[in-house]
Structures are given as C-alpha cells and as structure tokens.
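A short write-up of the structure that comes next.
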Number of protein chains: 2
Amino acid sequence: MTTEEQILIAARKVFVQKGYDGARMQEIANEAGINKALLHYYFRSKDKLFEQIFTESFQLIRPAFESALGSEPDIRSFLNLFVGGYLQLLEQLPYVPQFVIQELNRDPQKLVGLIGKQKIPIESIKSMIQKEIDKGTLLPVSAEHLMVSTIALIVFPFIASPILKTVFFNQDEERYNHFIHERRDHIVNFILGAITAPKRTQNE
Amino acid sequence: MTTEEQILIAARKVFVQKGYDGARMQEIANEAGINKALLHYYFRSKDKLFEQIFTESFQLIRPAFESALGSEPDIRSFLNLFVGGYLQLLEQLPYVPQFVIQELNRDPQKLVGLIGKQKIPIESIKSMIQKEIDKGTLLPVSAEHLMVSTIALIVFPFIASPILKTVFFNQDEERYNHFIHERRDHIVNFILGAITAPKRTQNE
DNA sequence: GTCTATAACCGGATAGAC
DNA sequence: GTCTATCCGGTTATAGAC
C-alpha cells in the first residue's frame, strides 16, 4: 500500500471519529505510522486533507436513488429496495452520517460549495408516485416529504444512538442491537402503511 | 442582569453553534462583554462551563412525554399533541438537537454519566397502545420503534437541514421553509396512517 | 520521500493589581 | 468582582539534513 493511501485511511478514521476541530494531525500521523511532516508533504494542510475526506464521505452516504430507481417498477418495490440497501450501507459506515452532518453545520457555506449541487432525481420519484395516486392505490403524498421521512427513519438511529440507548434502553447494549436488527421490517411496514390507500369499506 | 447570567447566555450561544472543540473562551468572553479571566472566576474551567450548558440543553430537548401522556386519553391524541408540541419547541431551539447529539457522540462515557439515567415512561405508552391493539383498531407495533420513528420524523430535518437544502431543494431557502411548515401535518398523517388498522373489506 | 528540529501561533489558565 | 499581563502547553506548519 502506498503512503498516500495509508494517510487517507488514517485521516478517514480520525476525522470521522473526532470531527475537524477535534482531529489532530499528530494522531493521523501516528495512525498512519509516519510523522507529521510527511502529512504536509502529501497534503499541503489540515484543511486540504479534510476537504478530501469530507467530499468522499458525502459521496458515500449520499442516498443512491439512481440504482434503485432504474430497476424497480413501482414505488413499493423501490422503497423496499432503498431502505434495505441504505441500512446495509450504514452498517458498514455507522459514524459517517453524523460526521457529514456535523461538518455541514459547522461550515455550511464552504462545504456546500465543495460538494456542488448534487441534487436527487426527485422528478422520477414524483412521476412514479403520481401514477399510483391517480389509480387510487396510493394516498396523495408529497415526494419530498416521503423521501425525507424515509431517510429520517433509516439514518436517525445511527446519528442518535447514544441518546436512544440512554432514554429508551437504559444503556443495555444487547437490547439496542436487537432493536436495530428489527428496524428494517419496522421501517418498511411503517412507510407502506402510511402511504397505502385503505380499501373501500362496506358502507361506501 | 447579573454577570453570571450574561456569561451563561454567551456560552450557550457559542457552545451550541461551535461545539466544545470549536468553542473559544475568548469568543464567549467577547460575546458576554467581559474578559477571559472573569470566565475562569465564575466557572473554574472550559469543561465546567460546558458541562452546565450541555446538561441544561439536554433537559430542554429531552422529549417531554410526561405532560402529553397525563392529559390524553388515546394514542392518536397523544401523538398529535406530542408532534405539535415538540415541533413548536424546536422552532425556538433549532440548533440544540444537533449540539446535544454531536457532544454525546464525542464523549459518550462522560456525558451519559452527566445526564444520569433519564429514562422515558415507555410502559405507559405500551399499555396505551396494547389496549387498542387488542380492540383491533391499531396494528401491532412496538412502542420503542413507534416512539423512535416519531422523534426521527420530527427532529431529523432540524439536524440535517444543510444536506436537505442541498440535495432536495437546490439551496432554495424559500422552498425549504415552506417544506418545514407543511411538516407537522405530514408527520401526523404519516404516523396515523402507518399504525391504524385498515377496516375490513367486503370480501372478508 | 522521509526524517528531526524548530518556528510561529493559539488557547486555556493563573498571578496580581485595583 | 473585574481588569491587564503573562505563563505554558499544545498545534499547525516549515526548514533543512539524509
């Protein structure tokens, strides 16, 4: 492995764990098994190194609508695939969402500029939804609210795990893990229940 | 206003905005209109001052189930009141949730110890839910998942506003504010739709 | 490319006058 | 209680040898 790769791996670990303000170049150097001076040789400054880690982190957790959108025929299959896929991703990167959000709140101007205008293909989702609303099989629902709510349900437990462990699970690690494992099914059922139009009743 | 109160107001502002690592005693002093030495006279250290601000911030946003629980007869009215009340609270304190979560992730051991075991009366909610499940008017749902999901739907847009503005609203402040104002109704409808048992259809 | 040594600065904390 | 001046450790960044 090249030195540059070692540095990036170390920087990833330290920045994600400590945030920009809490991270120390010395700690990154130790983690990479080199010394501070070499960090500045490869990346001019703490800022430059951070920008690289932040940008790649944002890419990693930017919701990947595209893949799920192309392959799925209706909103229900799409949501099912999306929720499962995103949860699986976050299992590998549990601390990245909190890192990205924290840094975006610290310096929105600079960092939003850095990631550019990475919009989401909300129009495709809108048309997918609209068809079923017209057919009457889906309750009228805003695509923006639906997608923000879906992401909230998926991501929030990863961001807020210490507070959830405290107020809901009395610091019981075991019960919290069990909760997380049940989460996928709960979310999918929750969302589908929320947006599916009820069948007509006998009196209607 | 006493000097101590001025300091606390300034510290609140700076700590919530910048976090522990990003906050500077000098900035707090400036904000309070005094000098650094006086900060240390009133609060021994940055740590002590921070602990006070963090503890009170946690109290502020700890979900106030108790009030809504005592007064409401069924889970639907309870959720309606809870969502509305919490959103109204967060309008006044939009940056506090991200602050508390950020700090809890930075040093869970110490800060969880600080806030003690402030559990939530989940048992009252469970019994409230169970009655309606038995009657068949509510889908079987775990109280923990329901409450975590409810809080996620409420709090997430406040934590993640920069990222939402970027990927969903193309930095359009106007459209984002409109979105936030619609949010209460969406959340309540979403949750009630998700947990309400469908009426029986003609074929059953 | 990699290292040691050090410059230059910053930030929390304290001493001591008023 | 409040201030000015200062200490001291830590942090980023660079100079220069190998």
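Here is how names work: the chains are called A, B, and so on, in the same order as the sequence lines, proteins then strands, and each is numbered from 1. These numbers come from the heavy atoms of this one structure, side chains and all, not from hydrogens, waters or symmetry mates.
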If you take any heavy atom closer than 4.0 Å to DNA chain C, which residues from [range] end up in contact?
{"range": "residues 47-56 of chain A", "result": "none"}
{"range": "residues 36-45 of chain B", "result": "B:Lys36, B:Ala37, B:His40, B:Ser45"}
{"range": "residues 6-24 of chain B", "result": "B:Ala23, B:Arg24"}

Holding to ring-ring contact (aromatic ring centres under 6.0 Å, His included), I want the full list of residues that pass it with [X], two or more places apart in sequence or in another chain.
{"X": "B:Phe58", "value": "none"}
{"X": "B:Tyr20", "value": "B:Phe50"}
{"X": "B:Phe78", "value": "B:Phe82"}
{"X": "B:His145", "value": "A:Phe179, A:His186"}

Go through the structure and list residues passing side-chain contact (heavy atoms from CB on, under 4.5 Å) with [X], not counting sequence neighbours.
{"X": "B:Gln102", "answer": "A:Gln98, A:Gln102, B:Gln98"}
{"X": "B:Gln52", "answer": "B:Leu8, B:Phe43"}
{"X": "A:Lys110", "answer": "A:Asp47, A:Glu51, A:Asp107"}
{"X": "A:Pro94", "answer": "A:Phe158"}

Nearest-neighbour nucleotide for the B:Met25 side chain, D:dT2, C:dC3, C:dA13 considered: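 Within the option list, the nearest is C:dA13.
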If we ignore angles and hydrogens, is there a donor and acceptor under 3.5 Å between the side chains of B:Gln118 and B:Gln59? yes
I need the full list of side-chain hydrogen bond (donor to acceptor under 3.5 Å, both in side chains) pairs touching residues 152-171 of chain A, with sequence neighbours left out, sorted by first then second residue. A:Lys165-A:Glu173, A:Thr166-A:Gln171
